[in-house]
Amino acid sequence: MATGDAAGSGKQASEEAWWHDAVIYQVYLRSFADSDGDGVGDIPGLSSRLDNLTRLGVDGIWLSPCHPSPDLDHGYDVVDYTDIDARYGGMPAFQEFLDQAHARGLKVLMDIVPNHCSAAHPWFLKALAAPPGSPERERFIFRDGRGPDRSLPPNNWPGGFGGSAWTRVDDGQWYLHTFDPGQPDFNWRNPKVADHFDHVLRRWFDRGIDGFRIDVAHLLLKHPDLPDWPDLTMYNAHQQNQPGIHDVYRRWRRIADSYDRELTYVGEVWVPTVSDLAKYVQPDELHQAFYFDLLYSPWDAAAFREAVDRGLDGIASAGTIVSWTLGNHDVHRVVTRYGRVGPDTGAGGSPARSRGAVDVRLGEQRARAALLFLLALPGSIYLYQGEELGLPEVQDLPDHARQDPIWSRSGHTEHGRDGCRVPLPWRKTGSSFGFGAGGSWLPQPDWFGDYAVEQQWLDVDSTLWLYARALSNRRALRDRLAGEALEWMAVPDRPDVLVYRRGGVICVTTFGDAALDLPAGWGRVICSSAPVVDGRLPGAAAAWLLIG
Ligand code: NOJ
């Protein structure tokens with residue numbers, strides 16, 4: 001509950017703040033578990049599977065947006081920020097879920113979408129009905145077009161999903177939407193917008209949640225003159241990461257700090273350099289920001305080491321922790337990325353959604369190794385649902401089933417993100433492999449049952465068991481690892497191997513095909529992604545060893 005005045009300086013996060021080393025599991029709700037057979041995952045479905053998450057051993061959940069929404073971008077187009085969509089079970093189901101998660105010791109982060117809402121949001125409907133220059137339009141970014149009859153967009157900015165970032169309305173004005181036309185951008189220079197979001201934050205904190213993941217946190221403010229950007233192949237610095245953005249997060253931090261429990265914000269922040277990123281996680285701004293460099297690194301020892309060093313050096317300078325991740329609902333699944341053996345055909349529209357031939361088995365081995373590499377790092381960890389099953393990307397969805405706006409906005413040239421959002425398999429057989437009683441909103445391939453949760457719990461060598469063992473080790477070693485820095489250890493003549501030490505734990509990863517004989521002095525193997533026989537770690541594998 002709220003205590004005292006929200007104004008004042010940022011409360012310093014304690015060294016022991018729960019989120020400093022938490023492992024948070026991202027639930028993409030519509031694909032997690034369906035309780036009512038409508039083919040779409042929902043909150044009662046999630047609640048019914050919480051024991052599986054505690055068995056897995058995560059510390060908390062990041063719940064993808066579940067507010068009322070026409071779902072043009074699956075919840076990232078919000079109609080009412082203070083309610084829960086009835087299709088997901090409404091507010092009673094949410095409160096029940098929150099209580100049940102807390103009863104199991106799980107933290108709950110919601111996903112807040114402050115850059116834009118849905119074109120069906122009451123504010124936007126009012127803006128459309130009101131004349132140019134009206135206060136209703138001032139909550140969004142409406143402008144006259146260019147050219148003699150104003151029929152050209154106000155500037156040259158492209159939309160994030162393809163096409164222009166501007167759409168023209170009936171009276172001839174244009175509105176800005178950084179993503180789909182169904183997602184109009186708010187005007188964050190209007191104090192009414194900021195006030196509204198203060199209210200939204202408090203609303204959910206008062207209900208008892210533990211924090212927010214902030215959608216495209218760097219985008220809220222645009223250059224006041226909305227000028228053209230000269231080179232659209234480069235990061236458009238007029239459209240994002242504007243200096244005033246930091247005032248927004250100082251204000252949000254004061255709100256979080258006014259509660260007498262430890263809350264956290266984790267920003268999805270896309271900025272050119274890690275020093276730009278560090279500015280978002282100053283002690284009086286966000287607690288965390290995703291560090292994506294490791295996600296974007298190829299499976300390569302030098303690239304991984306560089307990404308880790310850059311993250312630790314850059315973020316530590318801001319006095320907070322790095323928030324690591326290898327996957328989310330916007331990129332291809334990690335098994336597929338690491339198993340890519342053919343050239344990128346480019347049709348994915350992003351290096352993390354490359355397309356081409358995949359060796360799934362190799363990808364699996366590497367992804368298992370990457371997990372151990374990740375989990376011994378200092379900082380918080382974000383996992384994406386299904387990676388604990390070793391699920392590969394579903395690359396061959398039928399075109400008619402694709403729903404990601406990237407598919408339509410790119411003129412059906414980029415497949416987009418549906419392949420990592422296919423509903424989870426819970427059982428080897430049966431209706432939608434145990435996801436629900438009535439099919440699934442994206443078709444699951446026949447092979448999905450081989451990755452089913454139930455099946456994997458029966459096999460101690462499964463990827464699910466590896467995740468559970470690794471998470472339980474990380475938990476057991478928590479005190480030993482807390483506050484301990486990472487120190488690289490040299491392995492002569494093996495540039496394909498990375499070894500680091502933290503608090504008496506050694507993490508060793510072989511990136512190439514060749515095995516490594518583990519020196520006796522490195523200690524006892526407590527966890528490995530592949531069997532270690534006679535002290536030999538195979539290629540494309542990782543192990544943790546306990547010194548002494
Ligand atoms: C980032 C989210 O992760 C993505 O899924 C969404 O499409 C965009 N922001 C727009 O909200």
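Source: prediction; values computed, not measured. Atoms within a ligand are numbered from 1 in the order they appear, just like the ligands themselves. Counting from 1, the numbers follow the sequence of the chain as shown.
- Aromatic ring pairs are classed by plane angle as parallel below 30°, tilted from 30° to 60° and perpendicular above 60°; the pair F140 and F124 is perpendicular.
- Residue contacts with ligand 1, taken as heavy atom pairs separated by less than 4.0 Å, do not involve Y28 at all.
- In this structure, R421 has a heavy atom closer than 4.0 Å to ligand 1.
- The pair D71-R87 counts as a salt bridge, with a side-chain nitrogen and a carboxylate oxygen less than 4.0 angstrom apart.
- A salt bridge (Lys or Arg N to Asp or Glu O under 4.0 Å) with R251 holds for exactly one of D284, D257, D198; it is D198.
- Not a single heavy atom of H74 sits less than 4.0 Å from an atom of ligand 1.
- With respect to D21 and R474, no salt bridge is recorded, no charged nitrogen being found less than 4.0 Å from a carboxylate O.
- Between the side chain of N190 and the main chain of N187, no donor-acceptor pair closer than 3.5 Å is present.
- In this structure, atom 3 (O) of ligand 1 lies nearest to the protein heavy atom D330 OD2, 2.5 Å.
- The closest approach between any non-hydrogen atom of R213 and ligand 1 is below 4.0 Å.
- The distance from ligand 1 to the heavy atoms of H116 drops below 4.0 Å at these ligand atoms: 10 (C), 11 (O).
- Ring-centre distance between H116 and Y175: not below the 6.0 Å cut-off.
- Close contacts of ligand 1 with V216, meaning ligand atoms under 4.0 Å from a residue heavy atom, involve 9 (N).
- Between R250 and D247, at least one side-chain N (NZ, or NE/NH1/NH2) sits under 4.0 Å from a carboxylate O, which counts as a salt bridge.
- In this structure, the protein non-hydrogen atom closest to atom 1 (C) of ligand 1 is D215 OD1, 2.9 Å.
- In terms of protein heavy-atom proximity, atom 7 (O) of ligand 1 is nearest to D73 OD2, 2.5 Å.
- Against a heavy-atom cut-off of under 4.0 Å, R417 is close to the following atoms of ligand 1: 4 (C), 5 (O), 6 (C), 7 (O).
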